[in-house]
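One structure is given here, and the rest of the page talks about it.
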Amino acid sequence: MSLTAESHRVPLSDGNSIPLLGLGTYADPQKTPKGTCLESVKIAIDTGYRHIDGAFVYYNEHEVGQAIREKIAEGKIKREDIFYCGKLWNTCHPPELVRPTLEKTLKILQLDYVDLYIIELPMAFKPGDAIYPRDENGKFIYHETNLCATWEVECHPYFTQPKLLEFCRQHDIVIVGYSPLGTSRDETWVNVSSPPLLEDPVLNAIGKKYSKTAAQVALRFSIQRGVVVIPKSFNPQRIRENFQIFDFSLTEKEMKEIEALNKNVRYVELLMWRDHPEYPFNDEY
Ligand code: A2P
């Protein structure tokens, strides 16, 4: 498959297709000024991104919707050019809540549809107004669900997921890899004792050969394996940098070298929910 800035979609079995490169939009709401997400999504669309990954729980979904709508109004894009993925939050897992929650998301976005709606995490919390419900002792209040669905999978050169990827290839399932650059290293939910991916000597050495950064090499590696990536950036220079991955390609030898970096390092451990009966990260995938 030849991948270009204009054409890097993977076909899906329902006739739709998903761009291999998307913009992630999670940033700590306490530390991110209002409007940053709006501007970033607009810059991304101008840069050529056509896949945006968002969620209700990121508290900025209204800005994502506004950016998409403004770019449609400008005539830069049509709605059908954009692939938007939204997510069902943990407090809304009971089947009867799924549709109204999606409808609420559409209202927030002020769009008629989302292209993909996935389960944010397979760990249900007690339904209600509190997004992170806790009891009087400050303990999270969980909820029982019967979950038989799949969800996004962390995937990058330190966590290459060979078994899962092979299974998905055999069954024609497309993987979306979150944190393809190794996360923002927010210590409240990330295992920061693991080495930072972008400081890896092999990624940097390969990057030097092509005048690319370690981040660009990591992203190119994933899309060359057919893994969709959604690196978040709200920095205009890095939003553009992350899109400049269609003007070089990695040799088979380099792909193997990067595959060999796998350390089974899962950065997103969400240890604060490790006592949830459905905590997913003790299982092997
Ligand atoms: P920033 O928004 O300041 O660019 P995620 O794991 O959610 O995709 O987050 C990726 C993290 O990596 C963000 O903290 C983002 O910060 C940072 N980042 C994004 N692109 C690059 C890049 N090209 N080089 C270095 N860091 C990056």
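In each ligand, atom 1 is the first atom listed, and ligand 1 is the first ligand listed. Everything quoted here is computed from the prediction, not taken from an experiment. Nothing fancy with the numbering, it's 1 onward along the sequence.
What sits closest to atom 25 (C) of ligand 1 on the protein, heavy atoms only, is Leu198 CD1, 3.5 Å. For atom 2 (O) of ligand 1, the nearest non-hydrogen atom of the protein is Lys232 NZ, 2.7 Å. Closest to atom 27 (C) of ligand 1, if we only count protein heavy atoms, is Arg238 CD, 3.5 Å. Atom 14 (O) of ligand 1 has its closest protein heavy atom at Ser184 CB, 3.2 Å. When only non-hydrogen protein atoms are considered, atom 20 (N) of ligand 1 lies nearest to Asn242 ND2, 3.0 Å.
For ligand 1, the atoms sitting less than 4.0 Å from at least one non-hydrogen atom of Ala215 are 22 (C), 23 (N), 24 (N), numbered in the order shown with element in parentheses. Remark: ligand 1 atoms within the under-4.0 Å shell around heavy atoms of Thr183 are 6 (O), 11 (C). Heavy-atom contacts of Pro231 reach the following atoms of ligand 1: 8 (O) (cutoff under 4.0 Å).
Heavy-atom separations between Phe234 and ligand 1 include at least one value shorter than 4.0 Å.
In terms of polar-atom proximity, defined here as any N/O pair under 3.5 Å, Pro180 makes no such contact with ligand 1. Taking any N or O of Ser179, backbone or side chain, at least one lies under 3.5 Å from an N or O belonging to ligand 1.
Between Tyr279 atom OH and Leu270 atom CG the span is 6.5 Å, to the nearest 0.5 Å. Summarising the geometry, atom CZ belonging to Phe159 is positioned 9.0 Å from atom CG belonging to Leu164; distances are rounded to the nearest 0.5 Å. Of the inter-residue distances, the one linking Tyr49 atom OH with Ser233 atom OG reads 7.0 Å to the nearest 0.5 angstrom. Put simply, NE2 on His8 and CD1 on Ile18 are 10.0 Å apart, with the number rounded to the nearest 0.5 Å.
A single hydrophobic cluster is seen to contain both Val98 and Leu121, as judged by linkage of ILVMFWY side chains at heavy-atom distances under 4.5 Å, directly or through other members.
The closest side-chain donor-acceptor pair between Glu61 and Tyr84 falls under 3.5 angstrom.
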Report the C-alpha distance between Tyr142 and Trp273 in whole Å, list the side-chain angles of each, state the deciding distance to 0.1 Å, and finish with yes or no for ring pair (Phe, Tyr, Trp, His ring centres under 6.0 Å). CA-CA 9 Å; Tyr142 300 144; Trp273 298 323; 7.9 Å; no

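For the pair Lys232 and Phe234, the distance from NZ or CZ to the six-membered ring centre is under 6.0 Å and the angle to the ring normal is within 45 degrees.
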